[in-house]
Amino acid sequence: DGGITQSPKYLFRKEGQNVTLSCEQNLNHDAMYWYRQDPGQGLRLIYYSQIVNDFQKGDIAEGYSVSREKKESFPLTVTSAQKNPTAFYLCASSTQRGGGTDTQYFGPGTRLTVL
Amino acid sequence: QKEVEQNSGPLSVPEGAIASLNCTYSDRGSQSFFWYRQYSGKSPELIMFIYSNGDKEDGRFTAQLNKASQYVSLLIRDSQPSDSATYLCAVNPSAGGGNKLTFGTGTQLKVEL
């Protein structure tokens, strides 16, 4: 059963804590992405990775960190430096054929709330 | 200026009617265009994509692309209450940006009985 999984579904963070969101895919996709969605707003790209052991900052990377040690996994850490982390976090993956033909598929998301 | 613009709605249509959702984009060199559906509290799911000017049909859905006008639309025929959701337009900008997508803020569609 191929797909993208994210855990946990809901996460609560206290002020000053770092938390890590998990994203795993078994679609054999090379590229993985993290987005943040706030109410009434579109998806904003945090980080993306096109290959193992390499990743690039997106539009709103400040206060976040990622790693890509395995093709299947792309965890996101929300650090205490992120001042407004309450949001819906979405992980996506895609092939890497190029030419604009690669479609991104999304996991179910993690809803993070700061207490 | 927003890179991808959508009317936030809500767009209300009666059951069985055609729903027309519109999206404009600013990067003239954009290559590919995607429509996602997002139910409240859920993640986006892909409806369809389009690369070439003209129409592309998939079941009740038709995507229309006009690169000269920098405009892409999604038509939903025979709208059903289950089509009520937010529809996100996403654009893959000019070559060199990898597979990064720029998303609009979405249009909320309500299909009324």
Side-chain angles (χ1 to χ4, degrees), chain A residues 3-7 9-10 21 23 25 27 29-51 54-61 74 87-113, chain B residues 2-10 23-53 56 58 63 65 67 72 85-108:
Chain A
I4 305 171
T5 58
Q6 291 186 243
S7 62
K9 186 174 181 180
Y10 297 98
L21 283 58
C23 178
Q25 54 98 0
L27 300 170
H29 285 169
D30 288 308
M32 297 186 74
Y33 313 80
W34 274 105
Y35 292 90
R36 167 182 173 142
Q37 187 176 35
D38 295 281
Q41 297 195 31
L43 279 65
R44 293 184 289 167
L45 183 64
I46 304 172
Y47 269 99
Y48 65 104
S49 168
Q50 295 174 297
I51 195 169
D54 189 40
F55 48 83
Q56 288 79 40
K57 293 181 179 180
D59 300 318
I60 56 164
F74 191 40
F88 189 37
Y89 289 86
L90 291 157
C91 177
S93 70
S94 74
T95 53
Q96 192 70 11
R97 300 187 195 102
T101 62
D102 301 291
T103 301
Q104 292 186 24
Y105 297 93
F106 287 86
T110 292
R111 197 166 297 277
L112 173 63
T113 303
Chain B
K2 290 183 180 177
E3 296 181 30
V4 179
E5 293 210 40
Q6 297 180 256
N7 188 320
S8 62
C23 173
T24 59
Y25 59 94
S26 59
D27 186 340
R28 186 170 290 277
S30 296
Q31 300 181 69
S32 49
F33 308 85
F34 302 83
W35 283 100
Y36 289 86
R37 177 176 62 198
Q38 186 175 27
Y39 292 112
S40 180
K42 303 296 185 182
S43 63
E45 52 181 328
L46 180 72
I47 299 174
M48 61 191 306
F49 54 84
I50 186 167
Y51 308 136
S52 304
N53 273 331
K56 179 181 179 183
D58 184 359
L65 176 60
K67 289 188 176 181
V72 57
T86 296
Y87 289 80
L88 302 172
C89 172
V91 176
N92 187 323
S94 304
N99 293 323
K100 289 195 297 181
L101 295 179
T102 300
F103 284 82
T105 54
T107 297
Q108 184 184 6

* **Tyr35(A) vs Leu101(B), side chain to side chain contact (heavy atoms under 4.5 Å, CB included): CA-CA, chis, key distance, verdict** => CA-CA 10 Å; Tyr35(A) 292 90; Leu101(B) 295 179; 4.1 Å; yes
Considering non-hydrogen atoms only, spot the tightest contact between [X] and [Y] and give its length.
{"X": "Pro108(A)", "Y": "Ser43(B)", "result": "CA-OG, 3.7 Å"}
{"X": "Gln104(A)", "Y": "Tyr36(B)", "result": "O-OH, 2.6 Å"}
{"X": "Phe88(A)", "Y": "Gly41(B)", "result": "CZ-O, 4.1 Å"}
{"X": "Pro44(B)", "Y": "Leu90(A)", "result": "CD-CD1, 3.8 Å"}

* **Atom pair CG/CZ of Asp102(A) and Phe49(B) - distance to nearest 0.5 Å** => 10.0 Å
* Measure the spacing between CG of Leu43(A) and OG1 of Thr105(B) and express it to the nearest 0.5 Å. => 11.0 Å
* **Which portion of Arg97(A) sits near chain B, non-hydrogen atoms under 4.5 angstrom** => neither
* Asked: Measuring heavy-atom distances to chain B, does Thr103(A) have an atom under 4.5 Å in its side chain, in its backbone, in both, or in neither?
  -> both
* To do: Using a 4.5 Å cut-off on heavy atoms from C-beta on, say whether the side chain of Gln38(B) contacts that of Gln37(A).
  => yes
